[in-house]
Amino acid sequence: MPDLRMPTPTEIRDLNQHVGEDVTVTGWVETTRGHGKVAFVVVRDGTGVVQGVFLKKELDAAVWDAHGTLTQEATVALSGVVREEPRAPGGYELGVTGVEVIAPSEEYPIQPKEHGVEFLLDHRHLWLRSSQQRAGLKVRAEISQATHDFFYERDFTRIDTPILTGSIGEHAGTLFETDYFGETAYLAQTGQLYVESACPAFRRVYCFGPTFRAEKSKTRRHLTEFWMVEPEVAFADSDDNMRLQEEYVSYLVERALERCSDELEVLGRDTAALERVKPPFPRISYTEAIERLQAKGSEIEWGQDLGAPDEVLITEDFDLPVFVYNYPKEAKAFYMKENPEDPRTVLCNDLLAPEGYGEIIGGSQREDDLVRLRERIAEEGLPEEAYGWYLDLRRYGSFPHSGFGLGIERTVAWITGRHHIREFIPYPRLMNRLTP
RNA sequence: GCCUCCUUAGCUCAGUCGGUUAGAGCACCUGACUGUUAAUCAGGGUGUCCCAGGUUCGAGUCCUGGAGGAGGCGCCA
């Protein structure tokens, strides 16, 4: 039974359909500006922002006086008549007739001014309310939804892989450990091995969940907890894999342009650079990348992995994301398939985002030969017993297959054109930040 | 793990050559103002100068050690 004493709130995004009507919006006070006989109160309700106009001569003293008690982030129900007003942010405003303070707010720590990073991260639970943070997280949510839509439309089955695991992923040194009833458990650093196991059941699968890396990285591109999308496709080779990647990344960009134009504007993104993002993306082999770098004066030699400055040099020649494929096997993980045309390299690719955002995807064709896979595990000095069930996948009906991992926060940072990926996860976990 | 820089009011910062009483803006409170857009104008007070030692007649300032933070590298998505 609805409470009939409370008028049904109207959402701010719908105000343009209620011009001339008396409505009530519920939300939080962003700012107030008083001028003696007129006052402006800006309210956010989560769907939008609207200013309420208090006119002293048209209001009861109690309602007029109330505007002075509205503090930043107080919860209010604001009633008034909707009207079109070019001077108002958003084009519509509320001629206030009544106001109720649902809950007061104490002196609010975050002011409409510059703050330091440490202060903002200490107040992340409040920082979420500010316009640029709302915009960034809204784009993240859209990219996340677009991911599910993309793979669902292409008949992929979503496989939720475990977060707690007893087996190691790629690199034992970067695992978070925790106690699991007396034995050691690890927080998953990839879902890949598990999605590979689901391929013979569903053919095309993907996982999308949190990933944990105990890397002591202090850069704008790293989090210790981040979200990764990992598709895996049976009977796909490395070329099929790259085609899927460019199609997927282009789909994400298109969705952001289509559904998040307001947010991209709040974030100051130049969308012309995004409009260009359509398949095919440029592809250069690792060997060609080394030649290009040497031509630009780099000291890099064949066999070394590309560093962050090298990636910037490569991407500055293109205005699209760039594939770099077939790296030397020493630079890559044990499970990648050897390149039959050049056994020094493996069938893999990175996708480097333009404008200096670096690697947003790492992918490869997987080693499907049991003997070669065991040799590679031994060569890397990894404990074979940790991969027992993974090797079973090559014992019981092995098959060529490929997949990749895309980091959501890095992708959103690139699409929004912002500097640091910590703004694109609600609660960033950094090397020295576990709260709030 | 390595390199560089930073730490002064609730917040963002200034503080000269080491000098006696520690500075501004914002936030907050009071007042003025009928169209603001981070409103404007006038008034109001706020300090463990990150911590511990040291040098000095005297340290926010110089030295040593420690803590916290930022940026970059490596590693990766």
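The analysis underlying the following values was restricted to heavy atoms, covering all of them including side chains, and did not include hydrogens, waters or symmetry mates. Here is how names work: the chains are called A, B, and so on, in the same order as the sequence lines, proteins then strands, and each is numbered from 1.
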Query raised in the report: Does A/Glu93 make a side-chain donor-acceptor contact with the base of B/rG35, cut-off 3.5 Å?
Result: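 Side chain to base: pair present.
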Query raised in the report: Is the base of B/rC76 touched by the side chain of A/His222 through a donor-acceptor pair closer than 3.5 angstrom?
Result: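 Checked by distance alone, the answer is yes.
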Using a heavy-atom cut-off of 4.0 Å across all strands, would you classify [X] as base, sugar-phosphate, or nothing?
{"X": "A/Ile110", "value": "nothing"}
{"X": "A/Phe226", "value": "base"}
{"X": "A/Glu85", "value": "base"}

**Report entry** A/Glu265, CD: over 12 other non-hydrogen atoms inside 6.0 angstrom
**Finding:**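 No, not enclosed.
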Every protein N/O lying under 3.5 Å from an N/O of nucleotides 70-73 of chain B:
residue: B/rA70; atom: N7; partner: A/Lys218; partner atom: NZ; Å: 3.0
residue: B/rG71; atom: OP1; partner: A/Arg422; partner atom: NH1; Å: 3.0
residue: B/rG71; atom: OP1; partner: A/Arg422; partner atom: NH2; Å: 3.0
residue: B/rG72; atom: OP2; partner: A/Arg220; partner atom: N; Å: 3.3
residue: B/rG72; atom: N7; partner: A/Lys218; partner atom: O; Å: 3.2

Query raised in the report: Can you list the stems that include RNA chain B, where a stem is three or more consecutive Watson-Crick or G-U pairs with distances under 3.5 Å?
Result: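 Correct response: B:1-7 with B:67-73, B:10-13 with B:23-26, B:28-32 with B:40-44, B:50-54 with B:62-66.
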Report task. Check each residue of residues 292-305 of chain A for a non-hydrogen atom within less than 4.0 Å of any atom in RNA chain B, then write out the ones that pass by number, or none. Result ->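 Listed by number, they are A/Asp305.
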Query raised in the report: What parts of residues 31-52 of chain A reach RNA chain B, counting only heavy atoms under 4.0 Å away?
Result: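 RNA chain B contact set from residues 31-52 of chain A: A/Arg33, A/Gly34, A/His35, A/Gly36, A/Lys37, A/Val38, A/Phe40, A/Gln51.
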Query raised in the report: Salt-bridged, A/Lys296 to A/Glu316, with N to O below 4.0 Å?
Result: yes
Query raised in the report: To the nearest 0.5 Å, how far apart are CG in A/Asp342 and NZ in A/Lys329?
Result: 9.5 Å
Query raised in the report: CD of A/Glu30 to CG of A/Leu70: how many Å apart, nearest 0.5 Å?
Result: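 Those atoms lie 13.5 Å apart.
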Query - 5' precedence on RNA chain B between A/Ala88 and A/Gly68 (nearest-nucleotide basis) - result: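 On the 5' side of the pair lies A/Gly68.
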Requested in this report: Under the side chain to side chain donor-acceptor pair (under 3.5 Å) rule, collect the residues that match up with A/Thr32, sequence neighbours excluded.
Outcome: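 By the side chain to side chain donor-acceptor pair (under 3.5 Å) rule, A/Thr32 matches no residue at all.
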Report task. Give a yes or no answer on whether the side chain of A/Thr190 reaches the backbone of A/Gln192 with a donor-acceptor pair at less than 3.5 Å. Result -> yes
**Report entry** Minimum heavy-atom distance between A/Phe40 and A/Val38, given as atom pair plus value
**Finding:** CZ-CG2, 4.2 Å
Going by atom type alone, with no hydrogens or angles, which donor-acceptor pairs under 3.5 Å involve a side-chain atom of residues 298-309 of chain A and a protein atom two or more places apart or on another chain?
residue: A/Ser298; atom: OG; partner: A/Ile300; partner atom: N; Å: 3.1
residue: A/Trp302; atom: NE1; partner: A/Thr287; partner atom: OG1; Å: 3.0
residue: A/Gln304; atom: OE1; partner: A/Glu301; partner atom: N; Å: 2.9

